[in-house]
Amino acid sequence: MSILSHLSWIFIAINIFFALFIVFMERRNIGATWAWLMILVFLPVVGFMVYLFFGQNLSRVKKFRLRKEFRSIIESVVEDQRQEFHSRSFSFNDPSIGRYHELVHMNLISNYALYTQDNTVRIFADGNEKFDALFEDIANAKQYIHIQYYIIQRDELGRKLIDALTAKAREGVTVRLIYDAWGSSKVNKKFIRELREAGGHAAAFFPPSIPKVNFKLNYRNHRKLVIIDGDCGYIGGFNVGDEYLGKVKRFGYWRDTHLRVEGSSILQMQTHFLRDWHLALNTPMSEDYSLFAVTKPFTGNIGMQIVSSGPDSSLETIKYSYIKMIYEAKKSIMIQTPYFIPDESMVTALKAAMLSGVQVHLMIPKKPDHQMVYWASYSYLRELLELNVSCYLYEKGFLHAKTMVIDGTIASVGTANMDIRSYKLNFEVNAIVYDSETATKLEELFLQDILDSKVLTLADYENRPLYQRMLESFARLLSPIL
């Protein structure tokens with residue numbers, strides 16, 4: 001047998017070994033397994049190297065876990081509230097919210113998402129208004145500023161934020177900044193040098209351990225959180241960059257949704273921030289309970305839960321909350337998402353709702369920011385259009401909002417898109433708001449956005465070019481790993 005033949009058999013054996021490795025590592029996800037095997041077939045050996053960068057399962061990594069002492073405190077509070085729900089002795093501010101008892105209980109048990117109902121909420125749909133409010137709150141900070149964004153651009157808005165944080169650090173305010181190493185790849189030591197020299201702290205999330213080589217780059221911290229002095233917090237879809245103010249021609253007007261919150265829910269946001277902060281620093285979770293002190297009484301009456309998910313959890317808790325909300329709907333479901341790559345369970349839930357007489361409305365952008373993801377999103381629309389789901393393509397600019405409104409009574413606003421990446425790979429966080437006034441305002445925003453959208457019909461969908469259908473099919477095949 002020739003040397004070339006020997007090498008061929010060795011090459012085949014190595015590829016089979018890699019294939020078996022992937023099958024066992026991805027055994028809980030059939031779609032991801034097939035996608036990775038396809039890559040391995042067309043890119044032998046090299047495909048496995050790609051897997052090392054993009055395909056690791058982090059849910060069993062011990063350093064994600066809360067310290068025993070801290071976890072026991074949280075579990076004790078959660079158990080107390082669980083007992084109240086179990087005995088039906090919990091008193092809702094708004095009795096009509098009682099119908100969502102099971103949703104509240106599910107989030108509480110699966111994610112330690114305490115239900116608080118002393119919150120007030122301000123909705124932002126425009127970047128200029130959101131950042132004006134944020135910079136005002138930063139200027140008024142007295143004790144600490146905790147701030148976390150997936151993307152911080154090295155542009156005018158990014159520079160303005162760093163300058164504002166630097167000024168507060170010089171005043172003696174404790175500043176902690178988290179940015180994702182992949183999403184904020186333009187942030188370098190020089191960009192944040194003055195902040196650190198002023199006494200501020202900054203940490204990249206999952207930076208490469210070797211320059212230019214990052215085996216965790218597929219796991220991104222997509223959360224956007226701000227907590228200031230325990231008085232107010234921000235959560236939603238806006239990142240930091242000029243495009244979020246509508247100043248980048250490629251995107252045009254940027255349509256997003258963000259919340260400013262006052263109330264006990266910001267203490268849950270604080271927990272998520274501190275967990276990410278110590279994970280970024282690779283240090284144990286802080287037991288500085290002063291960071292959970294309330295400096296003033298909260299006088300709101302809005303119910304809220306802060307739900308997170310990511311590769312640090314074995315449960316896809318945000319997906320579960322989406323699905324449960326859909327099944328709770330009696331009249332209407334309004335969804336806005338820039339990426340729509342649902343798994344089978346989500347599609348089934350939407351179909352069941354539509355067949356039950358619930359009006360389902362889905363809005364995605366007409367203008368893509370990531371072409372492959374856009375094609376994959378488009379491929380899922382047929383089965384919804386066939387059931388007369390109302391689909392809209394937002395045309396005014398780029399739609400980045402991640403919202404779901406159910407029956408004009410409850411809503412979800414946060415960082416999680418309705419796609420597989422948000423369910424499994426990204427660190428995400430959503431606010432679920434149990435308040436008809438807030439939900440109605442979000443419904444009104446949706447109705448206004450319809451005026452800036454094209455209604456997509458089944459006939460329009462069927463008439464798209466053949467090449468686009470082929471690209472959609474290919475993108476859908478790879479969607480579990482996009």
Side-chain angles (χ1 to χ4, degrees), residues 81 84-85 88 90-111 113-125 235-237 257-265 268 298-307 317-337 346 349-363 389-390 392 401-414 416 418 429-450:
Q81 192 169 84
E84 287 188 77
F85 283 120
R88 299 279 178 169
F90 187 89
S91 178
F92 289 93
N93 286 346
D94 180 356
S96 66
I97 298 301
R99 63 175 272 208
Y100 300 108
H101 172 273
E102 293 178 355
L103 172 64
V104 175
H105 186 272
M106 182 192 74
N107 292 329
L108 176 69
I109 297 306
S110 65
N111 199 235
L114 286 169
Y115 181 81
T116 63
Q117 48 186 356
D118 58 358
N119 305 284
T120 57
V121 172
R122 180 181 175 187
I123 302 169
F124 297 102
I235 184 171
T257 305
H258 219 92
L259 302 180
R260 182 186 184 276
V261 180
E262 292 185 17
S264 295
S265 281
Q268 296 178 68
F298 296 121
T299 59
N301 61 357
I302 294 175
M304 187 178 295
Q305 287 180 296
I306 305 299
V307 180
T317 46
I318 288 182
K319 186 185 79 170
Y320 295 164
S321 67
Y322 280 158
I323 291 175
K324 183 62 175 175
M325 289 173 71
I326 290 170
Y327 280 122
E328 293 283 356
K330 307 299 181 186
K331 297 182 296 183
S332 64
I333 301 169
M334 292 184 171
I335 298 170
Q336 289 179 310
T337 179
M346 186 69 67
L350 290 171
K351 286 181 176 180
M354 195 68 194
L355 293 171
S356 300
V358 177
Q359 295 298 310
V360 179
H361 304 267
L362 170 67
M363 185 179 294
V389 170
S390 298
Y392 308 95
K402 305 103 166 39
T403 65
M404 178 186 292
V405 186
I406 304 297
D407 294 344
T409 54
I410 63 171
S412 174
V413 176
M418 193 166 283
V429 63
N430 281 14
I432 300 181
V433 185
Y434 301 82
D435 177 62
S436 58
E437 183 177 348
T438 303
T440 298
K441 289 179 180 177
L442 291 167
E443 269 196 345
E444 291 171 353
L445 285 171
F446 191 102
L447 295 174
Q448 291 174 18
D449 291 334
I450 289 178

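Every heavy atom of this structure was used, including side-chain atoms; hydrogens, water molecules and symmetry mates were not.
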K.L.:
Rounded at 0.5 Å granularity, tell me how far CE in Met418 sits from CD in Gln336.
P.N.:
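Between atom CE of Met418 and atom CD of Gln336 there are 11.5 Å.
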K.L.:
For Glu437, which residues count as a salt bridge (Lys or Arg N to Asp or Glu O under 4.0 Å) partner, sequence neighbours excluded?
P.N.:
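By the salt bridge (Lys or Arg N to Asp or Glu O under 4.0 Å) rule, Glu437 matches Lys441.
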K.L.:
Compare all side-chain heavy atoms of Val405 with those of Ile333 and state whether any distance is below 4.5 angstrom.
P.N.:
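Side chain of Val405 against side chain of Ile333, heavy atoms only: no contact under 4.5 Å found.
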K.L.:
When you compare the side chain of Met334 with that of Leu442, does any pair of heavy atoms fall below 4.5 Å?
P.N.:
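They are not in contact (no side-chain heavy atoms under 4.5 Å apart), so the answer is no.
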K.L.:
Would you please name every residue forming a side-chain contact (heavy atoms from CB on, under 4.5 Å) with Glu328, sequence neighbours left out?
P.N.:
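Partners of Glu328 by the side-chain contact (heavy atoms from CB on, under 4.5 Å) criterion, ordered by chain and then number, come out as Tyr100, Glu102, Lys324.
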K.L.:
In chain order, what residues pass the side-chain contact (heavy atoms from CB on, under 4.5 Å) check against Lys331, with sequence neighbours excluded?
P.N.:
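Lys331 satisfies side-chain contact (heavy atoms from CB on, under 4.5 Å) with Asp407 once adjacent residues are dropped.
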K.L.:
If you compare all heavy atoms of Tyr322 against all heavy atoms of Ser412, which two are closest, and at what distance to 0.1 Å?
P.N.:
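Tyr322 and Ser412 have their closest heavy atoms at CE2-OG, 3.7 Å.
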K.L.:
Got Leu259 and Ile123 here, is their nearest side-chain heavy-atom distance under 4.5 Å?
P.N.:
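Yes - at least one pair of side-chain heavy atoms lies under 4.5 Å apart.
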K.L.:
Please identify each residue that fulfils side-chain contact (heavy atoms from CB on, under 4.5 Å) with Gln448, with sequence neighbours left out.
P.N.:
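Once residues adjacent in sequence are excluded, the partners of Gln448 under the side-chain contact (heavy atoms from CB on, under 4.5 Å) criterion are Leu445.
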K.L.:
Does a side-chain heavy-atom distance below 4.5 Å link Ile410 with Val433?
P.N.:
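No, side chains not in contact.
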K.L.:
Excluding sequence neighbours, so at least two apart, what forms side-chain hydrogen bond (donor to acceptor under 3.5 Å, both in side chains) with Gln117?
P.N.:
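Result, side-chain hydrogen bond (donor to acceptor under 3.5 Å, both in side chains) vs Gln117: none returned.
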K.L.:
Looking at every non-hydrogen atom in both residues, tell me the closest pair between Gly408 and Ser332 and how far apart they are.
P.N.:
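Smallest heavy-atom distance, with atoms named: N-OG, 4.4 Å.
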K.L.:
Could you point out which residue of Asn430, Thr337, Val413 forms a side chain to side chain contact (heavy atoms under 4.5 Å, CB included) with Thr403?
P.N.:
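Considering Asn430, Thr337, Val413, a side chain to side chain contact (heavy atoms under 4.5 Å, CB included) with Thr403 is found only for Val413.
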K.L.:
Who passes side-chain hydrogen bond (donor to acceptor under 3.5 Å, both in side chains) against Thr440, sequence neighbours left out?
P.N.:
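Partners of Thr440 by the side-chain hydrogen bond (donor to acceptor under 3.5 Å, both in side chains) criterion come out as none, since no residue qualifies.
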K.L.:
Please name all residues satisfying side-chain hydrogen bond (donor to acceptor under 3.5 Å, both in side chains) with Ser390, sequence neighbours left out, ordered by chain then number.
P.N.:
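side-chain hydrogen bond (donor to acceptor under 3.5 Å, both in side chains) list for Ser390, sorted by chain: empty.
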K.L.:
Can you list the residues that meet the ring-ring contact (aromatic ring centres under 6.0 Å, His included) rule with Phe90, with sequence neighbours excluded?
P.N.:
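Residues passing ring-ring contact (aromatic ring centres under 6.0 Å, His included) with Phe90: Phe85, Phe92, Tyr115.
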K.L.:
What distance do Asn107 atom CG and Tyr320 atom OH have between them, rounded to the nearest 0.5 Å?
P.N.:
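These two atoms lie 12.0 Å from each other.
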K.L.:
Once side-chain hydrogen bond (donor to acceptor under 3.5 Å, both in side chains) is applied, do any residues pair with Gln268, and if so which ones, sequence neighbours excluded?
P.N.:
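In terms of side-chain hydrogen bond (donor to acceptor under 3.5 Å, both in side chains), with neighbours along the sequence ignored, Gln268 is linked to no residue.
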K.L.:
Please report the interatomic distance CD1(Ile97) to OG(Ser436), rounded to the nearest 0.5 Å.
P.N.:
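That separation rounds to 7.0 Å.
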K.L.:
Can you tell me how far CG of Asn301 sits from CG of Asp435, rounded to the nearest 0.5 angstrom?
P.N.:
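Going from CG on Asp435 over to CG on Asn301, the span is 6.5 Å.
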K.L.:
Is a side-chain donor or acceptor of Asp118 paired with a backbone partner of Phe298 at a separation under 3.5 angstrom?
P.N.:
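Not a single qualifying donor-acceptor pair exists.
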K.L.:
Nearest 0.5 angstrom please: Thr116 OG1 to Gln305 CD, how far?
P.N.:
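If I round to the nearest 0.5 Å, the distance is 8.5 Å.
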K.L.:
Are Thr257 and Lys402 side-chain neighbours, meaning at least one heavy-atom pair lies under 4.5 Å?
P.N.:
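Heavy-atom side-chain distance check fails, nothing below 4.5 Å.
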K.L.:
Between Asn119 (side chain only) and Ser264 (backbone N and O only), is there a donor and an acceptor less than 3.5 Å apart?
P.N.:
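Yes, Asn119 side chain to Ser264 backbone: donor-acceptor pair under 3.5 Å.
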K.L.:
Shortest non-hydrogen contact from Ile235 to Val261?
P.N.:
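Scanning both residues, the minimum pair turns out to be CG2-CG2, 4.4 Å.
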K.L.:
If you compare all heavy atoms of Ala431 against all heavy atoms of Ile306, which two are closest, and at what distance to 0.1 Å?
P.N.:
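Heavy atoms of Ala431 and Ile306 come nearest at CB-CD1, 3.9 Å.
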K.L.:
Quick one: list whatever passes side-chain contact (heavy atoms from CB on, under 4.5 Å) with Ile450, sequence neighbours left out.
P.N.:
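Result, side-chain contact (heavy atoms from CB on, under 4.5 Å) vs Ile450: Met363, Tyr392, Phe446, Leu447.
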K.L.:
Can you check whether Leu350 reaches Ile335 side chain to side chain, under 4.5 Å on heavy atoms?
P.N.:
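Leu350 reaches Ile335 side chain to side chain.
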K.L.:
Decide yes or no for Ile432 and Ser321: does some side-chain heavy atom of the first lie under 4.5 Å from some side-chain heavy atom of the second?
P.N.:
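Yes, side chains in contact.
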K.L.:
Report the residues that fulfil salt bridge (Lys or Arg N to Asp or Glu O under 4.0 Å) with Asp449, sequence neighbours left out, ordered by chain and then residue number.
P.N.:
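Testing Asp449 for salt bridge (Lys or Arg N to Asp or Glu O under 4.0 Å), a comparison that skips the adjacent residues, returns Arg255.
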K.L.:
Taking salt bridge (Lys or Arg N to Asp or Glu O under 4.0 Å) as the cut-off, I'd like each qualifying pair that reaches into residues 350-359, sequence neighbours left out, listed once.
P.N.:
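Sorted pair list: Lys351-Glu383.
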